[in-house]
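See structure below.
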Amino acid sequence: MSSQDSDLEKTEPASERRIEQAREEGDVARSRELAACVSLVVGGLLLWGMGASLQSALALLMKDTLSFPRALAFEPALLLEHGRAVLARVLWAMLPFGAIVLAAVAVAPLLVGGWLFSTKAFLPKFDRLDPIAGTGRLFSLHSLGELGKALAKTVLVAAAAFYVVRSQFEDLFALASLPVGAGNGVLGHLLFVAFATLAGVLALVAVIDVPWQRWQHAKKLMMTREEVRQEHKEQEGNPEIKARIRAQQREMARRRMMAEVPKADVIVTNPTHYAVALRYTDGRDAAPVVVAKGADDIAATIREIAAAHAIPMLEAPPLARALYRHVEPGEPIPEKLYTAVAQVLAWVFQLRAGADPERPADIEVPAEMDVLPVPVSQG
């Protein structure tokens, strides 16, 4: 098998993003067998717990229904009103039982797959109308599995029913000859045995169906290697696009930095490899600030802008290297460079005052500040 064919086979487990997308579309693992089992058990337990009160209420309602004044038989309107009142009492008596059963029916499917509300699940899917695709789904592995499961469940339920009837055969026939009280007890026992057997069968089916549904859902969401790579690209971004974006960001930052050069008071150079633009405004800056810096081509551009705006430039290689290494544009200089930068600014301020001061020479910086990696062109 070629590597291209293997890339098209679904061999990779679904990613978190794939699972989340499936949930957004309403596609989660569900077990109808578990929901049916839970609903049956809840309904049976409610009947066992509330059966006596329901029986009393319904017996009383039946008595009231069948015993009414003779005049009602000749007044259709009154008879209809009496019927409505009786029906309302029946519904009110059944309300707690019905509400709890409905809640169980609604909550039971959430036991596998959790809570999910998706409007996409309600949207029409016109591809379902394709008869060819429909035929393919009809004979798919999933459909055959569902058919086998339904047949197996039918066989199990039928076997359980046959077992209950056969084991209780004599009691069933004896009901006709028993008094009402004793017959009710025997009938209740028979119904309990039937209910317990059916609930046990459905519980067995649910125990098998839940992992099966989870496995089926996970298998359906599996991805090919190509899909994994494509998703990784979408999440991480195309390397070429990311490199282009980073280049654009660097260019924008460079333009913003160059726009600050005319605001500088002095340019400290290496003289050719590095150039650092410094600004100090009394009352605004707590310490001198580096407004721009660069190496090689960028350094040359800074010097050109400085020359165009008549900004003084001073060759001080150790200070230029230290400023380039330790200070980013927009940051104030460190305290260890205060003395060295003060000499430079003193020279600049004398120039502004109209004097002709001697250029500072041999400006010293702390040895640990004058450490640079191998210069790398930023042009």
Looking only at heavy atoms, which two atoms of [X] and [Y] are closest? And how far apart?
{"X": "Ala277", "Y": "Ala264", "result": "CB-CB, 3.8 Å"}
{"X": "Leu34", "Y": "Ala206", "result": "CA-CB, 3.8 Å"}
{"X": "Cys37", "Y": "Ala199", "result": "SG-O, 4.2 Å"}
{"X": "Ala295", "Y": "Tyr324", "result": "CB-OH, 3.7 Å"}
{"X": "Pro317", "Y": "Asn270", "result": "CG-O, 3.1 Å"}
{"X": "Met223", "Y": "Glu227", "result": "CA-OE1, 3.2 Å"}

I'd like to know if the side chain of [X] reaches the main chain of [Y], judged simply by a donor and an acceptor atom lying under 3.5 Å from each other, with no hydrogens or angles considered.
{"X": "His217", "Y": "Gln213", "result": "no"}
{"X": "Lys153", "Y": "Val205", "result": "no"}
{"X": "Thr281", "Y": "Arg284", "result": "no"}

Do [X] and [Y] share a hydrophobic cluster, counting only Ile, Leu, Val, Met, Phe, Trp and Tyr and linking them when any side-chain heavy atoms are less than 4.5 Å apart?
{"X": "Val266", "Y": "Leu351", "answer": "yes"}
{"X": "Val101", "Y": "Val38", "answer": "yes"}
{"X": "Val341", "Y": "Tyr338", "answer": "yes"}
{"X": "Phe349", "Y": "Leu278", "answer": "yes"}
{"X": "Val289", "Y": "Met258", "answer": "no"}

So do the side chains of [X] and [Y] get within less than 4.5 Å of each other, counting heavy atoms only?
{"X": "Arg250", "Y": "Arg246", "answer": "yes"}
{"X": "Glu12", "Y": "Met222", "answer": "no"}
{"X": "Ile311", "Y": "Asp265", "answer": "no"}
{"X": "Val228", "Y": "Thr224", "answer": "no"}
{"X": "Pro211", "Y": "Arg214", "answer": "no"}
{"X": "Pro312", "Y": "Ile267", "answer": "no"}
{"X": "Glu331", "Y": "Val290", "answer": "no"}

task: May I ask you to decide whether Glu260 forms a salt bridge with Arg256, counting only side-chain N to carboxylate O separations under 4.0 Å?
output: no
task: Using a strict cut-off of less than 4.0 Å between a Lys/Arg side-chain nitrogen and an Asp/Glu carboxylate oxygen, indicate whether Arg32 and Asp209 qualify as a salt bridge.
output: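 Result for this pair is no, no salt bridge flagged.
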Spatial distance of atom [atom1] ([X]) from atom [atom2] ([Y]) [nearest 0.5 Å]:
{"X": "Trp347", "Y": "Ile363", "atom1": "CH2", "atom2": "CD1", "value": "9.5 Å"}
{"X": "Leu345", "Y": "Arg279", "atom1": "CG", "atom2": "CZ", "value": "12.0 Å"}
{"X": "Thr301", "Y": "Met257", "atom1": "OG1", "atom2": "CE", "value": "9.0 Å"}
{"X": "Lys336", "Y": "His326", "atom1": "NZ", "atom2": "NE2", "value": "8.5 Å"}
{"X": "Tyr274", "Y": "Ile302", "atom1": "OH", "atom2": "CD1", "value": "13.0 Å"}
{"X": "Trp212", "Y": "Lys219", "atom1": "CH2", "atom2": "NZ", "value": "7.5 Å"}

message: Let's go through Leu323 and Lys293 carefully: what are the C-alpha distance in whole Å and the side-chain angles of both, what is the deciding distance for side chain to side chain contact (heavy atoms under 4.5 Å, CB included) to 0.1 Å, and is it a yes or a no?
response: CA-CA 8 Å; Leu323 290 170; Lys293 70 174 186 178; over 6 Å; no
task: Please lay out, stage by stage, how Val291 and Val261 fare under the test side chain to side chain contact (heavy atoms under 4.5 Å, CB included).
output: CA-CA 7 Å; Val291 296; Val261 173; 5.6 Å; no
- request: I would like to know whether Arg254 and Glu251 meet salt bridge (charged side-chain N to carboxylate O under 4.0 Å, His left out); could you show each step before the answer?
  value: CA-CA 5 Å; Arg254 185 179 304 170; Glu251 181 62 25; 3.5 Å; yes
- request: I would like to know whether Leu46 and Val42 meet side chain to side chain contact (heavy atoms under 4.5 Å, CB included); could you show each step before the answer?
  value: CA-CA 6 Å; Leu46 284 175; Val42 171; 4.1 Å; yes
task: Could you go through the salt bridge (charged side-chain N to carboxylate O under 4.0 Å, His left out) check for Glu315 and Arg359 one step at a time?
output: CA-CA 9 Å; Glu315 293 183 9; Arg359 286 177 172 270; over 6 Å; no
task: Take Met252 and Gln249 through the test side chain to side chain contact (heavy atoms under 4.5 Å, CB included) and record every step on the way to the result.
output: CA-CA 5 Å; Met252 292 174 63; Gln249 291 174 339; 5.6 Å; no
